[in-house]
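Following: one structure in structure tokens, then a few remarks.
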Amino acid sequence: MAVFKTQIQDIIGDFDDDVAINQFLTDGAKELINMMPPELKQKCSKVTNLYIGNTDTTMDLDGVGEILYVTRENANSGYYIGCREVSPLLADSANDATSLHYATATDPVYWTESNSAGNATLFVKPTPDSNQPAKVMCVAYPSITGSDDSAIANFPDELEYLVVLYATIKVAERQLIEEEDIELYTPIIGTLKQDYMQGLQNSGLIERPKQERSR
């Protein structure tokens, strides 16, 4: 299959701003991922290990997408247990053995909190260690290079064409602004947007209008 830049040019014509194409493709993939149901988001995820091959006990969430789940190993049984998400207001209670909110190896918890600079961090309690490490599965937004990539890693193959459509719409809108040819680009953009919306509906990422569902 042709690289994404070629696919876009086949639809809209020459456009050689690779930086813009890369950004449009990356933005399109992010928009689609945010629409996906949980089972599809798992195809767009990555696992970050805490205390497996490293000594990290917390996770920096800068640039990280939605957290799908967090697990922590119970060393006594050797399997991973799902961590409950709790409010950061309960952080101190999770360390307090006398509290009802005390976190244990059989009832681990996690929470996220941001510092004054707006940087978010994920915490797991009990604190992961070499005997009881933790895993964090979260959405990973891809960074796409249109002139090199013809597929998107960790992304549903059947939705890649929608990423190309999204980027093509943005390219056409950019060309409209630069060339000011309303008669040429307005109908092209309208058709592309219809195709994009139809694709979103066919894939189940958005609902069809009520009048269509009743037919």
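Nothing here was measured: the structure is a model prediction, and the numbers come from that model.
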(Q) By the definition side chain to side chain donor-acceptor pair (under 3.5 Å), identify the one residue from Thr26, Asn34, Asp27 that meets it with Tyr141. (A) Asn34

Q: May I ask whether Met59 and Val47 are part of the same hydrophobic cluster, defined by side-chain heavy atoms of I, L, V, M, F, W, Y residues being less than 4.5 angstrom apart, directly or through others?
A: no

Q: Quick one: do Val70 and Leu122 satisfy side chain to side chain contact (heavy atoms under 4.5 Å, CB included)? Show the steps, please.
A: CA-CA 10 Å; Val70 180; Leu122 181 142; 4.1 Å; yes

Q: For Gln132 and Ala105, work out which heavy atoms get closest and say how close.
A: OE1-CB, 3.6 Å

Q. Rounded to the nearest 0.5 Å, how far apart are CD1 of Ile33 and CD1 of Ile152?
A. 8.0 Å

Q) For Phe4 and Ala151, which heavy atoms make the closest approach, and how far apart are they? A) CZ-N, 3.6 Å

(Q) Does atom CG (Asp92) have a neighbourhood of more than 12 heavy atoms from anything else shown, all under 6.0 Å? (A) no

Which pairs of donor and acceptor atoms, one on a side chain in residues 9-21, lie under 3.5 Å apart (sequence neighbours left out)?
from	atom 1	to	atom 2	distance (Å)
Gln9	NE2	Phe15	O	3.1
Gln9	NE2	Asp16	OD1	3.3
Asp17	OD1	Val19	N	3.3
Asp17	OD1	Ala20	N	3.1
Asp17	OD2	Arg174	NH1	3.4
Asp17	OD2	Arg174	NH2	2.6
Asp18	OD1	Lys5	NZ	2.7

Q.
Under a 3.5 Å distance rule, please check whether Asn22 uses its side chain to pair with a backbone N or O of Gly146 as donor and acceptor.
A. yes

Q: Would you indicate whether the side-chain heavy atoms of Met35 and Leu200 approach each other to under 4.5 Å?
A: yes

Q | Nearest heavy atoms of Pro156 and Lys43, plus distance in Å | A | CG-CD, 4.2 Å

Q) Taking side chain as C-beta onward, heavy atoms only, is Leu192 less than 4.5 Å from Tyr196? A) no

Q) Is the backbone N or O of Ala120 less than 3.5 Å from a side-chain atom of Glu113, with the two atoms forming a donor-acceptor pair by type? A) no

Q: Check whether any side-chain heavy atom of Val124 lies under 4.5 Å from a side-chain heavy atom of Val109, and answer yes or no.
A: no

Q | ILVMFWY network linking Val163 to Val3, side-chain heavy atoms under 4.5 angstrom | A | no

Q.
Run the side chain to side chain contact (heavy atoms under 4.5 Å, CB included) test on Leu176 and Asp181 for me, step by step, so that the C-alpha distance in whole Å, both residues' side-chain angles and the decisive distance to 0.1 Å come before the verdict.
A. CA-CA 6 Å; Leu176 172 59; Asp181 192 336; 5.6 Å; no

Q: Could you pull out the closest heavy-atom pair between Thr168 and Val164, with the gap in Å?
A: OG1-O, 2.7 Å

Q: Determine whether Thr58 and Leu50 make a side-chain contact, defined as any pair of heavy atoms from C-beta on separated by less than 4.5 Å.
A: no

Q. With side chains defined as the heavy atoms from C-beta onward, is the minimum distance between Asp107 and Arg84 less than 4.5 Å?
A. yes

Q. Nearest 0.5 Å, what's the OH-CG distance between Tyr79 and Asn74?
A. 6.0 Å

(Q) Does any part of the side chain of Lys125, heavy atoms only, come nearer than 4.5 Å to the side chain of Tyr110, both counted from C-beta? (A) no

Q.
Ignoring hydrogens, what is the shortest heavy-atom contact between Pro142 and Ala29? Give both atom names and the distance.
A. CG-CB, 3.7 Å

Q) Any donor-acceptor pair under 3.5 Å linking the side chain of Asp149 with the backbone of Thr145? A) yes

Q.
Would you compute the distance between atom OH of Tyr185 and atom CD of Glu179 and round it to the nearest 0.5 angstrom?
A. 3.5 Å

Q: To the nearest 0.5 Å, tell me how far Met36 CE sits from Ser203 OG.
A: 8.5 Å

Q.
Could you check whether any side-chain heavy atom of Tyr51 comes within less than 4.5 Å of a side-chain heavy atom of Thr57, counting everything from C-beta outward?
A. yes

Q.
Quick check on the hydrophobic clustering: are Leu68 and Val136 connected, directly or via other members, by side-chain heavy-atom contacts under 4.5 Å?
A. no

**Q.** side chain to side chain contact (heavy atoms under 4.5 Å, CB included) between Ile67 and Met137, worked out
**A.** CA-CA 6 Å; Ile67 298 167; Met137 175 173 276; over 6 Å; no

Q. How far does NZ of Lys30 sit from CD of Gln23, to the nearest 0.5 angstrom?
A. 9.5 Å

Q) Are Tyr80 and Tyr69 connected in the hydrophobic side-chain network, where two residues link if heavy atoms are under 4.5 Å apart? A) no

Q) At their closest point, which heavy atom of Pro126 faces which heavy atom of Arg72, and how far apart are they? A) O-NE, 2.7 Å

Q. Are Leu205 and Leu25 linked, directly or through other ILVMFWY residues, by side chains that come within less than 4.5 angstrom of each other?
A. yes

Q: Apply side chain to side chain contact (heavy atoms under 4.5 Å, CB included) to Lys193 and Ile169, showing your working.
A: CA-CA 7 Å; Lys193 287 185 175 181; Ile169 292 168; 3.9 Å; yes

Q: Give a yes or no on whether the backbone of Ile52 and the side-chain of Asn49 come within a donor-acceptor separation of less than 3.5 Å.
A: no

Q) Are Leu184 and Gln175 close enough that some pair of their side-chain heavy atoms sits under 4.5 Å apart? A) no

Q: Report the distance from atom CZ of Phe155 to atom OG of Ser45, rounding to the nearest 0.5 Å.
A: 13.0 Å

